[in-house]
Amino acid sequence: MRFSRMLIPTVRETPSEATAESHKLMQRAGYVRQLAAGLYIYLPLGWRVISRINRILRQEMDAIGAQEVSMPVLQPAEQWQQSGRWYDIKEEMFRLKDRGGRDMCLGMTHEEMMTWLASREIRSYRQLPQIWYQIQTKLRDEPRPKSGILRTREFLMKDSYSFDASVEGLRESYKLHEDAYHRIFTRCGLKFHQVESDTGMMGGAVAHEFMAPSPSGEDDIVLCAACGYQANVEVAGSVPSAARYGEDAPLEDVHTPEKRTVEEVSRFLKEPPERFIKSILLLAGEGPVLALLRGDQQLHEKKLQRLIGPFRAAGKPEVKDVLGVEAGFIGPMDHEDIHIKIIADPVLKTGSYITGANKPHYHKRGVRAQVHFQAAWHDIHVAAAGDGCPRCGAPLAIEKAIEIANIFQLGTKYSAALNAVFLNESGAEEPIIMGSYGIGPARIAAAAIEQNHDRDGIIWPEAIAPFDVEIVPLGAGDSPEVESAAWDLYRELDKNGIEAIIDDRDLRAGVKLKDADLIGIPKQIIVGQRNLNEGLVELKGRRTKECLRIRPGEALDALRAGKEID
RNA sequence: CGGGGCGUAGCGCAGUCCGGCUAGCGCACCUGCUUUGGGAGCAGGGGGUCGGAGGUUCGAAUCCUCUCGCCCCGACCA
């Protein structure tokens, strides 16, 4: 490919709206352009990257016996209504009506359509298992598109769906995907973790996410170096450091004028936050709930929601209405007379604490669980770095990561709702047991950049780079020798199946070299008169900037070996 | 949806508080000459409904009202 003929609009200055490194670099290096919030155009280089990723996805999906299909993006409401998600999902779904007034939507995922297809075509256990997949556009009206290509309203997704006759079969399909995903991300050159995750709006029992560590990631993941426990903080358990404060402190009131938050009281009394009980009043469907955490812990809303259903924080007047005390001085004691559920994190079972005294401008010292208050005990805190691993107790680390894929054991949620059934060996009708498995190609690309770049630009992993090598002839306009040497090389590589781009632009050496680094093709072959006088060209590794002076005839072998400059 | 920020040439910005000549600068672009292994130099040149609408004023990029868009934090999010 000739550089001069390709649309590669590199720019020197970073666009002001970009914050994520991958976003800045993709804009600067001419891979993408933004059309509107959450809508991106992939320019030729960007699309080549996505295409290479998709090729890997197809190879690995086909290798586990999955079959590619194509699904409509425009979908009737009916199947969504049958699964219930037409009503569960709100603003996030793009909805419209066709000319006949029928309700339609734009597909944000394809469980319903795939299940509908299965319901029509699958009759017998003999037809199972099946794995169907597609690589297609999804549309979601995201409340906040962000970080460039990482969270967009329209995006490509590889999603596959497994259909099995038994739970064991589902586990096998799930395992096939796990293994395929490991191969895919390894081939794409990513650092990643497979973590336990929330099932969210997909429903189902077991779910994992594949996470690529990056500061631009939106998720926090918990990692245990000792036993390998890995989970999204959305579901991660943890054992907080044990209470270190004696249980024999006497119960007494402490005057704390105008000091309401743990932080304020902590500073006022010169006691660390972990000496406090944080009392948070929440309003759930079943009534008010008092959640108790240690002062240094954060309430894990999802964990709590699994216990009490949807809830919201009580406002200041509501706190006064329910507990009869001003917010800021509430505590877990003496609520026997009113009907309120108290849920406490187990870390509070031992130790004595300072907490609100249930009267204005006073806190209580020496408060102990079981002695001074009763509660239902549940893990409702957010795992923090340094907490103990729930499996082995070793200290946990927390990392930011980009969610590049997720896999779900769905069970029969969709098959039951859409009546996708089969006849088993004894002739009885059963719902098909399903799994669904998504990968975001754009997120793979963005994560690869996040994990592989330097001051000068992108450093693509070989498998997903838009080209294998960039040939950079310097001063070709004045030197027919350089020009013909460069083109000879290009043709030689092309003949041998190596995809090269040749920078045939009539530009100064500096500009071409800067652009080559920015664009990030992993290997460069620099052809200049100086080296050519000795019959040599330079093979340069983008990551290391190491150069190897070689004869043009050796280029092919050197590229294939290539290790010493990587 | 709550909070904050920003819309001035293709890109990056100054000018706005405190209204006043013809709206500027850098990069990019066009022409010519020189230059040519890490984003060249000189000279000349083109390009603007100052996001939009309405208002105040002798006069609005600048003040007021409304509105649209984009970004960030939070909420939300397979």
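To find a chain, count down the sequence lines: A is the first, B the second, and so on, and within it residues start at 1.
Toward the 5' end of RNA chain B, the nearer of the two residues T10(A) and G438(A), judged by each one's closest nucleotide, is T10(A). Sequence order on RNA chain B of the closest nucleotides to E209(A) and K514(A) puts K514(A) first from the 5' end.
Among residues two or more places apart in sequence or in another chain, the side chain to side chain contact (heavy atoms under 4.5 Å, CB included) test is passed with E154(A) by L39(A), T137(A), L139(A). Take D488(A) and apply the side chain to side chain contact (heavy atoms under 4.5 Å, CB included) test, not counting sequence neighbours, and it matches R491(A).
Computed from coordinates, the Q524(A) CD to G38(B) P distance equals 14 Å when rounded to whole Å. To the nearest angstrom, P of C1(B) lies 15 Å from CD of E92(A). G38(B) atom C1' lies 8 Å from atom CG of D517(A), rounded to whole Å. Computed from coordinates, the E481(A) CD to G37(B) P distance equals 16 Å when rounded to whole Å. One interatomic measurement links the two molecules: CD of Q27(A) to C1' of G10(B), which rounds to 13 Å at whole-angstrom precision. For the pair R151(A) CZ and A75(B) C1', the computed distance is 13 Å after rounding to whole Å. Regarding R549(A), its CZ atom lies at a distance of 13 Å from the C1' atom of G37(B), rounded to whole Å.
Side-chain nitrogen and oxygen atoms of S16(A) include none within less than 4.0 Å of the OP1 or OP2 phosphate oxygen of C11(B).
Across R153(A) and P145(A), no two heavy atoms sit closer than the pair CG-CG, 3.8 Å. Nearest heavy-atom pair across S415(A) and I432(A) is OG-O, 2.5 Å.
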Quick test: give all pairs of protein nitrogen or oxygen and nucleotides 31-36 of chain B nitrogen or oxygen below 3.5 Å, distance rounded to 0.1 Å.
from   : atom 1 : to      : atom 2 : distance (Å)
U35(B) : O2     : R508(A) : NH1    : 2.7

Protein-nucleotides 26-30 of chain B N/O pairs under 3.5 Å:
from   : atom 1 : to     : atom 2 : distance (Å)
G26(B) : N2     : E13(A) : OE1    : 2.8
A28(B) : OP1    : R12(A) : NH2    : 3.4

Anything under 3.5 Å between a protein N or O and an N or O of nucleotides 67-70 of chain B, put it in a table, one pair a line.
from   : atom 1 : to     : atom 2 : distance (Å)
C70(B) : OP1    : A37(A) : N      : 2.8
C70(B) : O3'    : Q34(A) : NE2    : 3.4

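Sorted by first then second residue, the ring-ring contact (aromatic ring centres under 6.0 Å, His included) pairs that include residues 510-532 of chain A, not counting sequence neighbours, number zero.
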Side chain to side chain contact (heavy atoms under 4.5 Å, CB included) between K158(A) and Y133(A), intermediate numbers included = CA-CA 7 Å; K158(A) 187 292 297 175; Y133(A) 78 98; 4.0 Å; yes
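By the 6.0 Å and 45° rule, R95(A) stacks over the aromatic ring of W86(A).
C33(B) and G26(B) are spaced 24 Å apart, taking the C1' atom of each and rounding to whole Å.
Contact annotation: side chain of K540(A) to base of G38(B), donor-acceptor pair present below 3.5 Å.
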